[in-house]
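In what follows, a single structure is set out as structure tokens and then discussed.
Letters go in sequence order (proteins before strands), and every chain restarts at 1.
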Amino acid sequence: MTLSLFNEPSAQEIAPGVWWLRAFALPTLTSLQDGVNEVLAAAPWRQMQTPGGQTMAVSMSNCGPLGWVSDRAGYRYQTHDPLTGRPWPPMPQTLANLACLAAEQSGYVQFKPDACLINRYLPGTRLSLHQDRDEQDFSQPIVSVSLGLPAVFLLGGMARSDKTFRLPLSHGDVLVWGGPARLRFHGVMPVAEGDHPALGRMRINLTFRKAA
DNA sequence: CAGTTCCA
DNA sequence: GAGT
């Protein structure tokens with residue numbers, strides 16, 4: 001018999017191409033955390049600069065063959081960590097498996113992420129509305145895993161000025177968007193103060209992409 | 001170009 | 001809502 005990673009048949013399509021899997025990762029959270037800590041030991045948190053020279057509020061790291069970076073030269077994926085000069089640490093199997101399963105539950109078969117961006121939100125931290133458009137193949141979805149403190153996710157439309165929907169994301173929630181939703185604007189409201197049993201005063205988000 | 005920003 |  002197969003042990004299921006899912007608590008419930010919880011995948012819900014909340015908009016065309018957007019799937020919200022609530023508490024999806026709960027049974028595997030400790031192994032996810034182990035994987036994240038392993039990555040952070042090799043590629044520590046850092047705050048990147050926007051091309052305009054602003055310091056981003058979110059602290060970031062990456063794992064997998066490619067990592068997302070931003071600096072004065074622009075946004076891009078690269079094989080090496082600019083902080084250490086080394087390749088990004090490998091993507092722990094538990095992370096890759098979870099992303100693949102979440103994508104499959106959402107109807108996106110054979111999702112093989114080559115990049116996992118790890119974002120840390122301390123209380124007060126936000127992420128402005130943006131599109132994920134630095135990947136080469138927009139036919140592949142985005143898989144986003146929420147850990148720790150809850151946050152309000154903003155799901156916008158294809159234009160920055162479009163009305164946004166607010167989704168309350170909790171520890172273990174996974175959001176998958178692709179197809180007609182692949183280029184929708186999205187962001188995160190400032191994270192409220194709190195103390196999560198597993199992660200303390202922080203929210204961690206794992207974003208899996210097929211970048212190349 | 002760039003705003004994953006800041007400010008009116 | 002901005003800028004080239």
Side-chain angles (χ1 to χ4, degrees), chain A residues 15 17-18 20 36 39-40 43-83 88 91 95 99 113-138 140-169 173-178 180-192 199 201-212:
Chain A
V18 183
W20 187 2
V36 169
V39 169
L40 292 171
W45 296 124
R46 84 291 308 274
Q47 283 174 277
M48 298 187 188
Q49 305 292 121
T50 67
Q54 303 289 336
T55 299
M56 295 179 67
V58 176
S59 294
M60 301 177 167
S61 182
N62 286 280
C63 61
L66 291 170
W68 186 85
V69 298
S70 176
D71 58 24
R72 296 308 295 253
Y75 311 133
R76 65 196 174 278
Y77 284 91
Q78 56 179 51
T79 57
H80 284 61
D81 179 350
L83 193 65
W88 296 106
M91 192 183 303
L95 273 67
D114 56 14
C116 175
L117 175 62
I118 307 176
N119 287 338
R120 181 188 67 181
Y121 299 74
L122 300 179
T125 304
R126 79 172 76 195
L127 188 60
S128 305
L129 276 187
H130 66 278
Q131 296 168 299
D132 289 4
R133 53 186 299 173
D134 302 314
E135 301 75 27
Q136 292 192 353
D137 183 1
F138 295 149
Q140 294 298 307
I142 301 290
V143 174
S144 170
V145 179
S146 294
L147 300 171
L149 291 178
V152 176
F153 184 88
L154 298 172
L155 178 64
M158 299 301 293
R160 189 190 295 279
S161 55
D162 287 347
K163 172 183 182 299
T164 58
F165 295 83
R166 296 166 165 239
L167 310 175
L169 297 184
D173 284 1
V174 180
L175 204 59
V176 180
W177 64 96
R182 178 60 179 75
L183 290 175
R184 285 179 75 146
F185 277 84
H186 56 279
V188 177
M189 295 281 283
V191 168
L199 285 171
R201 287 166 42 96
M202 76 174 78
R203 170 176 191 260
I204 290 180
N205 181 73
L206 311 175
T207 310
F208 298 88
R209 299 94 182 260
K210 181 79 172 67

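- Each of G74(A) and V58(A) has a nearest nucleotide on DNA chain B; the 5'-most of these lies closest to G74(A).
- Taking atom CG of D134(A) as the reference point, atom C1' of dA2(B) lies 11 Å away to the nearest angstrom.
- F185(A) meets the ring-ring contact (aromatic ring centres under 6.0 Å, His included) test with no other residue; sequence neighbours excluded.
- Note on N205(A): nothing from the nucleic acid sits closer than 4.0 angstrom, heavy atoms only.
- In this structure, CE of M56(A) is placed 10 Å from P of dG3(B), rounded to the nearest angstrom.
- Q47(A) places its CD atom 11 Å from the P atom of dT5(B), with the value rounded to the nearest Å.
- Within the 4.5 Å cutoff, side-chain heavy atoms of W68(A) are placed close to those of M48(A).
- If you check the side chains of T55(A) and Q49(A), you find a donor sitting under 3.5 Å from an acceptor.
- For S70(A) and dT4(B), the shortest distance from a side-chain N or O to OP1 or OP2 is not below 4.0 Å.
- Every pair passing side chain to side chain donor-acceptor pair (under 3.5 Å) that includes a residue from residues 145-168 of chain A is listed here, sequence neighbours excluded: S146(A)-R203(A).
- Separation of the F165(A) and W20(A) ring centroids does not fall under the 6.0 Å cut-off.
- Pairs engaging residues 147-159 of chain A under the side chain to side chain donor-acceptor pair (under 3.5 Å) rule: none recorded [sequence neighbours left out].
- In this structure, L127(A) places its CG atom 8 Å from P of dT4(B), rounding to the nearest Å.
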Q) If pairs are Watson-Crick or G-U with both distances under 3.5 Å, what is the dot-bracket string of DNA chain C, marking crossing pairs with [ ] and pairs to another strand with |? A) ||..

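- One finds no side-chain N or O of R76(A) lying less than 4.0 angstrom from the OP1 or OP2 phosphate oxygen of dT4(B).
- The CZ-C1' distance, from R72(A) to dT4(B), rounds to 15 Å in whole Å.
- Taking 4.5 Å as the limit, every side-chain heavy atom of W88(A) sits out of range of all side-chain heavy atoms of C63(A).
- Between the P atom of dT5(B) and the CD atom of Q49(A) lies a distance of 11 Å, rounded to the nearest Å.
- In this structure, M48(A) places its CE atom 16 Å from C1' of dT5(B), rounding to the nearest Å.
- Inter-residue side-chain proximity for P113(A) and K210(A) is flagged as unmet; no heavy-atom pair is nearer than 4.5 Å.
- For L122(A) against V191(A), the heavy-atom pair with the smallest separation is O-CB, 4.0 Å.
- Within residues 183-191 of chain A, no residue has a heavy atom under 4.0 Å from DNA chain B.
- When the shell of 6.0 Å around CZ of R201(A) is examined, it contains 12 or fewer heavy atoms from other residues, nucleotides or ligands.
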Would you tabulate the nitrogen or oxygen pairs shorter than 3.5 Å linking the protein to nucleotides 6-8 of chain B?
none

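- Scanning both residues, S70(A) and P51(A), for their nearest heavy atoms gives OG-CD, 3.6 Å.
- Aromatic ring pairs are classed by plane angle as parallel below 30°, tilted from 30° to 60° and perpendicular above 60°; the pair F153(A) and W177(A) is tilted.
- The separation between D71(A) atom CG and dG3(B) atom C1' is 16 Å, rounded to whole Å.
- Dashed line: the shortest gap from a side-chain N or O of Y75(A) to OP1 or OP2 of dT4(B) is under 4.0 Å.
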